[in-house]
Each structure stands twice: as structure tokens, then as C-alpha cells.
Amino acid sequence: MVTHESGGGHGHHAPPSGFIRKWVFSVDHKVIGIQYLCLAIFSVFLGMALSFLMRLHLAWPTVKFFFFKGGVMTPEQYLALMTMHGTIMVFMVLTTAPQSGFGNYFLPIQIGAADMAFPVLNMLSFWTTFVSLCVMVSAFFVAGGAPIGGWTSYPTLSALGEIAGPGQGAGETLWIVGLAIFCGASLMGALNFITTLIDLRTKGMTLGRMPLTCWTWFVTAILALLAFGVLLAACILLLLDRLAGTSFFIPGGLVVTDQVITWHKGGSPLLWQHLFWFFGHPEVYIAILPGMGVASHLLSTFSRKPVFGYRAMVGAVCGIGFLGFCVWGHHMFVSGMSPYSAFAFSILTMTIGVPSAIKTFNWLGTIWGGRITFNCAMLFALGFVSLFVTGGLSGLFLAQPSLDLYLHDAYFVVAHFHLIMGVAAIFGMFGALYFWFPKMFGRFMHEGIGKVHFWLTFIGVYAIFMPMHFLGLAGNPRRYSEMTAGPFLVALQPLHAFISVAAFVTISAQLLFLFNFLWSLKAGKEAKEENPWHATTLEWSIPSPPPFDNFGGREPVVYHGPYEFSVPGAADDFIPQHLAPELVRKA
Amino acid sequence: MPGTIVDDVEIIDAGHGGGTPPPAGGDDDGDSSGSRRPVPRRAYFTALQLGLAAIVMFFMALASSYIVRKGLGTDWQRTPLPPVLWFNTAILLTSSVTIVVARRKLEGGERGAFQTWWWVTTGLGVLFLAGQIIAWRELAAAGMLLATNPSSSFFYLLTAAHGAHLGGGILALFYVAFRPWSRSRISQGTAAELTSIYWHFMDGLWIFLFALLTLGR
């Protein structure tokens, strides 16, 4: 089937030998993918630690803990934790792991390429991301601490400096600079992804034969390419307002902390909101689309059936990507926008329900009547579908301006975006990791621990986020550090305690995952065959872990679609993409 | 997919953009002795176009902000544009002509003439940037600083952003002139072509920004 030439290349294409060139400043897309995943795993545990502290305080606001100055968290400290939790999770986890992590590792292999189109640019992209993370996290350690403006960093308070609160001085500046650096890193990555996918596909790998994972990485990269430039422009304007005294976002006549702001006038904070959300809404799809691709891939592989409606799936992904650029205004219903604009944004937003429903229907169609294997990867893919539906349904509520006015600044929104953007995307990544772990590291992750991890996480996230819908309907505002102010909030306190306990259990389950991950690297069951899942795509035609140049200098040829499972008349229940027609065994 | 096994198979349909051309093709064979297949020449053009798309989005965000900010409130004052900008514009347009001449010379094999015209282009690019700095100094001397008025803020911002991108173009011009091309993945001709596309784009972008700053005052 596959013959591997000896991989020893010459010249500057030869595999690097030193530790630094091989593992630190590597140009190999697989190493860079793993570097991105490590960065994301570090970030996700950091972000989770911040949410742990927040939930601790929300559940028991008066209890003293030694790690807060004075024993009790102040509202400003809470906001700083919230800001950094959101920022780190959105940018360093949800943007890096699905796309830059798994995409880097598997996109070139799945399309039969030896590497990304521009390996050095790829390396540069990762290290720029790393610098960005360092700059952002350093905000914790400067005078005033981390910024308190939220991950959306709305002016005017984000543009005025220290006067707007602790953390709004040096911390906020570092935050904006870090984000601007991240924009550069993402643009480099996106450019590389798209070029690779357009120009480096191997013989026979037509667009219609690409795995859906590749399609989603492709559309995600296009979104990133078009969105991050806008965020970069917004960051520069905000920095100028802060540092150079311009007035892009700051109106006149503000009174902040008992001081009249006289040195700014005429700007509009709404301008920031438009720029930010023009980026921010596509960003949501940057986080979730790769998860959709992985879910489609896993549901098909572990149901032993072709993806139901492959073309419709591709169309839906493109449709979601396109509509993603037309709906940013639904984040701004409470900004006082014209009801006519709100109506237009509302209709467009609900239109996204159509491609989303197509995807969900096709996922169900894919597993319908299939011979399903309930392993960890499949469980997480099914969990993804469940969370996507649950989180998506509340989106239809929020898409209506009249309802959003009430719910926007309440916990309902927290429940919605955590389920659909945060947890669903993470489930996609867990599925991807359990599925591809044997290919990446030559060993399996432990299925038993993995299943415990899945069920604890699956039940845990529902226990955390379902009650938040009720909190939101009851009018519980978000971004508050304590619910002790009014009687109606005090009545909701037991629910907060329940959510916190659920969160602690879920966080503990992630430690189980971390243990499984590290333990399996060393002592997991060895993946002896190249294709243990009997999957069809090209990464399963090469050894585990793949050699430096993936295909040993050989150019694979693709003859089949990506999901040819249970083809009638064939002896095996799967036909690998690279298998020549004359080699397909007949039943 | 179901139903057929053999008939369904279309053999090696490279299609548009699918598949790698023979490695020895064209002038872009770097060293193919290594185990990795060379990246096709067109990938560099794809990447350039994508990069330009991202740059367009960046400048469109700034231009939209310009238009929105101008429509807000009553504090917008017209920034008097220094006349030297017209001279700078002429310089930049000329450089687009000289880079075309340089590439023709390279294609015709006249390496000496190519070098000359390439350096003329580089010189004109540096001259343009110097002219922009003169414009800044004139504006500053007239009392219009970065934070004086939103219109002057945008003037400095847009010219600086364009200047930074053009500076990248000048670095590319130097790179094409100085790099030893014998061992590289692409030929000097390809690199010159890529650089000239970027250069023309920067030219066009400046015309757009200049029109915005002049007509949209």
C-alpha cells in the first residue's frame, strides 16, 4: 500500500538534529502544532484557575481565603480575573487549539502535503503568539494589576487610563499590545493555512475530496484573515486614545471617578463596538467551526457511514462563515442602535439557524442506523452535537432585540456563549485529541479514564451552565462579584453555590484528563498499526508518529472521497482515500 | 459514494489548483534533492494576494472609522494638506513605472540595467517616505499635531500606516537586490514580480488614502 523511502533528505530540508531546532524553533508543522497545543493546555488551566477563584467568591462571598489580599476578593479583583479569564480562553485556547494546534498538525497531512507552504512563517506565527501570551499575562504583575474592562475592553473606561480603575493603567496597555501582537500572529497563520490548502493539495485531492476537517480549517482561516486586520486597526486606535491623547472613542463631558475629562471630546465608544464586533463575531466561528469539522469526521468514522450530505455540510460551513460577517450588530442591541438596524441584524442572525440546522440534521443523519462505537472520541463528538444544539437554541432567544434587551447583561448570555463557543469547541478538541493521539504520539489514551473524564465533564458543564439560564431569566446581572445586594439576588445565592460546586467537580475532572494525557504519553497502550480506527483519510496511511516529511518524499495520490465507509460490494467497511481502485478488495 | 467502487473513481484529477506540478518545472527549482517536495511558484502569489486582502481589511477598518468619526459631533476641523503631498504622489507613481521597466530589463536578461532601474525604484520609495516626513513636519509647524483634531489624528495615522507598509516594500526591494538567489526556493524574477505587485498595490492604496484625505476633508 505505502512504501516509504528512506527519509534522509539533504540540504536545508533535512530533518533537524539539535534539540533547539527540533523542538523549540522548529519549522516542522507537526512540532509547531504540538507547541500550539501545549500553549493552549497551559492557557486553559490558567483560565480555569481564574474561574475557580471567581466561582469560589461567587458562592461564598464573605468567606476569607488566604490568597486574596485582606482575605476577601474585591469587586475590582473579580473583574480583573473575569477579564483575563475571557481573554485567555478566547484567544489563547479557543483560537489556538482548534485551528493552529490540530490544524497545523493535520491539515498538511490530510491534503497530502509535506509541510505548510511557508514553514518559517509558521514558526514565526507560533512564537509571536507565545510573545502575545507573555505580554498579556504580564498584566497581572504590573502596578494596578490586570485590566478590569472585560475581554471586549469597551471604551470609554478602557481608553482613559488609570483614572478608570485599577488595572486600567499599565495592565490595560499591556492587554491591548498583547492583543495587537496576537492579531499579527493570527494573520500569519491564516495566510499560511489558506495558501497551503489552495496550492499544496496532492494529486487527486480535489476540493470535493477534502475531509470536512480541512474545509472547516479553510473557512476558519479565511475568517481570521479578514477579521484580525480589523481588530488590529481597532487596537491601534484605542492605544492612540490612551497614549497619544486622540479622541476616537472618547466623547466630551465625561465625569470619571469624580473628575471631569476635559482633554478628550467628540469620539464615540460605539465606533469601538462596531470595529470590535466586526472582528468579534467571526471570532466566535473561528472557535467553533473546527469543532464542527472534527465532529463530522468522528461521527462518520465511528458510525462506519459516510457523512450524510457532504456537499450540504460544506455549503453550511461556507454559509456560516459568510453570515458570520453580517451579524456583528446583535452584540450591540443594547447600545441604543436604530430599531431598523436591530431588526436587520436580528433577521440575519436567525438566518444562521438554517446552516446550523442543516449541520445538526446531517450529523444525526450520519449516525442514523450506523454501527456506532462508543469510544472516548465518539462520545466527545456526540457531546459536541448536544452542546451545540443546547447552546444554539438560546441563541435564537438572544437574536431577538426585544428579548435581548432584558437578557443581555444577565447570566442568560453567560450560559449561551459558554455552552456554544466555549464548551462545545472544547468538546470538539477533546474528541480530536482522543482520536488523533495514537497518530501523534504512537500510543492510545486510556479509554477507561477517558470515559470517566467524559461523563464527569459532560454532566458537569450542563450542571454549571443550565442553571445560569434561570439566573438570567430571574434577572441576575453578569459581571457582578457578589449577589448580596438585593433580596432577589440573595434568593438566587443557593443556585450560585450549586453552580460553583459543579464547577469544582468539572475542574477536578480536567485534572484527571491531564493525568491521562501525561500518563498515556509515557505508558499508554502502543498503537501498533498505522490505522487503528480503520479510518479513511491520509494521516492514517503513514506511520505513527509520522516521519519528519510526512510521506517520505513521496507524493500520495488520492482516488476516493474522504468518507467511503461501508461501501456496498467492498470487502472492508472502509476505503482509504489513497487506495488505488484496483486494490479495493471486493466482497 | 455507495454503489460503485471502481466506476466511482476518477483517476488523478489534479483540477484547478489541486496537486503539485512536476518539481523540475520552470525557473523555480531550488534544491529538490531534499526529501521535501518544493513549494509551487503559484503559492507565493496566492500568499501575496491573501496578504493584500488582509491589508485591505486593515485599511478599510481605518477608512470606515474616518468616515464615521467625521460624521460624529461638530469638532471635526479640516486639516490643511501640505502641498508636498502632490509631489510625493508623483514620486510614487513614477516609481511604479520604473519598477515595471526594471522587471522588463530582468526578463530581457539585461542584469545591469535591471539593477539600475531597481535602485532607482528603491530610491524613489525612500524619497517618498522622506517627503511624507516633510509633510508631517509642515503640518506640525502649522500647529496640527496628532491629538489636535480627529482629522489630523487620522492624517498622521493613515500616512504612518501606509508608510509602514511601504517601508516593508522597500525592505523587499533591498531583499530582491541583495539576496543570493542561486540557492533559494524561488528565482529572482519571481521575487521581483511579487515585489512589484506589492509595490503597485501600495501605490494604489496611497491614491485611495490621498483621495480620502483630500476629498473627505
Side-chain angles (χ1 to χ4, degrees), chain A residues 5 7-14 114-115 117-118 187 191 194-195 198-207 225-226 228-230 232-234 236-237 240 244-248 265-268 271 274-275 278 306 549 552-553 555 557 559-561 563-564 567-570 575 581 584 586, chain B residues 1-20 23 30-40 42-47 50-51 53-62 64-65 68-69 72-76 145-147 149-150 153-154 156-157 161 183:
Chain A
E5 296 169 14
H10 304 286
H12 62 272
H13 291 313
D115 203 322
F118 306 106
L187 287 173
L191 189 147
I194 303 173
T195 308
I198 291 179
D199 287 329
L200 263 62
R201 278 175 289 128
T202 193
K203 283 182 184 140
M205 181 55 82
T206 55
L207 289 176
L225 187 85
L226 300 179
F228 273 104
V230 176
L232 180 60
I236 291 172
L237 293 175
L240 286 176
T246 56
S247 301
F248 297 113
K265 61 174 183 180
S268 167
L271 179 55
H274 279 292
L275 291 171
F278 187 83
D549 53 0
E555 187 170 2
V557 180
Y559 301 95
H560 304 273
Y563 301 111
E564 300 206 356
V567 177
I575 301 175
V584 175
K586 291 188 179 167
Chain B
M1 272 174 270
T4 52
I5 304 166
V6 181
D7 301 356
D8 188 34
V9 174
E10 187 191 350
I11 297 180
I12 315 180
D13 172 17
H16 170 71
T20 318
D31 64 351
S32 54
S33 61
S35 59
R36 292 196 170 192
R37 282 166 274 142
V39 172
R42 66 171 182 276
Y44 292 86
F45 291 88
T46 310
L50 294 171
I55 291 173
V56 165
M57 290 306 289
F58 173 77
F59 278 95
M60 284 308 118
L62 291 180
S64 316
S65 306
V68 169
R69 182 65 183 83
L72 289 169
T74 53
D75 62 335
W76 186 277
L145 300 174
L146 178 62
N149 191 262
S153 307
F154 272 111
Y156 285 106
L157 177 60
R183 288 188 63 244

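Chain naming here is simple, since letters A, B, ... match the order of the sequence lines and numbering starts at 1 in each. Everything numeric in this text was worked out from a predicted model, so none of it was measured.
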**Message:** Please give me the minimum heavy-atom distance between B:Ala47 and A:Phe118, naming the atom from each residue.
**Reply:** CB-CE1, 3.4 Å
**Heavy-atom pair of closest approach, residues B:Leu72 and A:Gly267** = CD1-C, 4.3 Å
**Asked** Shortest non-hydrogen contact from A:Ala244 to B:Ala147?
**Response** O-CB, 3.3 Å
**Closest heavy-atom pair and its distance - A:Leu275, B:Ser65** = CD1-OG, 3.4 Å
**Request:** Among the options B:Ala43, B:Ala54, B:Ala61, pick out the one with the most heavy-atom pairs lying under 4.5 Å from chain A.
**Result:** B:Ala43
**Complete:** Across all chains, not counting sequence neighbours, the ring-ring contact (aromatic ring centres under 6.0 Å, His included) partners of A:Phe248 are B:Phe154
**Request:** Against chain A, label B:Tyr44 side chain, backbone, both or neither, depending on which of its atoms sit under 4.5 Å from a heavy atom there.
**Result:** both
**Prompt:** Measuring heavy-atom distances to chain B, does A:Leu232 have an atom under 4.5 Å in its side chain, in its backbone, in both, or in neither?
**Reply:** both
**Prompt:** Can you tell if the side chain of A:Leu200 reaches within under 4.5 Å of the side chain of B:Pro40, non-hydrogen atoms only?
**Reply:** yes
**Closest non-hydrogen atom pair between B:Arg69 and A:Lys265, with its separation** = NH2-O, 3.2 Å
**By side chain to side chain contact (heavy atoms under 4.5 Å, CB included) - contacts of B:Thr46 (at least two apart)** = A:Thr195, A:Ile198, A:Asp199, B:Leu50
**Prompt:** Which atoms of B:Leu157 come close to chain A, meaning under 4.5 Å heavy atom to heavy atom: side chain ones, backbone ones, both, or neither?
**Reply:** side chain
**Contact winner vs chain B - A:Leu240, A:Leu187, A:Ile194, heavy-atom pairs under 4.5 Å** = A:Ile194
**Request:** Could you check if a side-chain atom of B:Val39 sits within less than 4.5 angstrom of a side-chain atom of A:Asp115, using non-hydrogen atoms only?
**Result:** no
**Request:** Of all the heavy-atom pairs spanning B:Ser153 and A:Thr246, show the shortest one and how long it is.
**Result:** OG-CG2, 3.5 Å
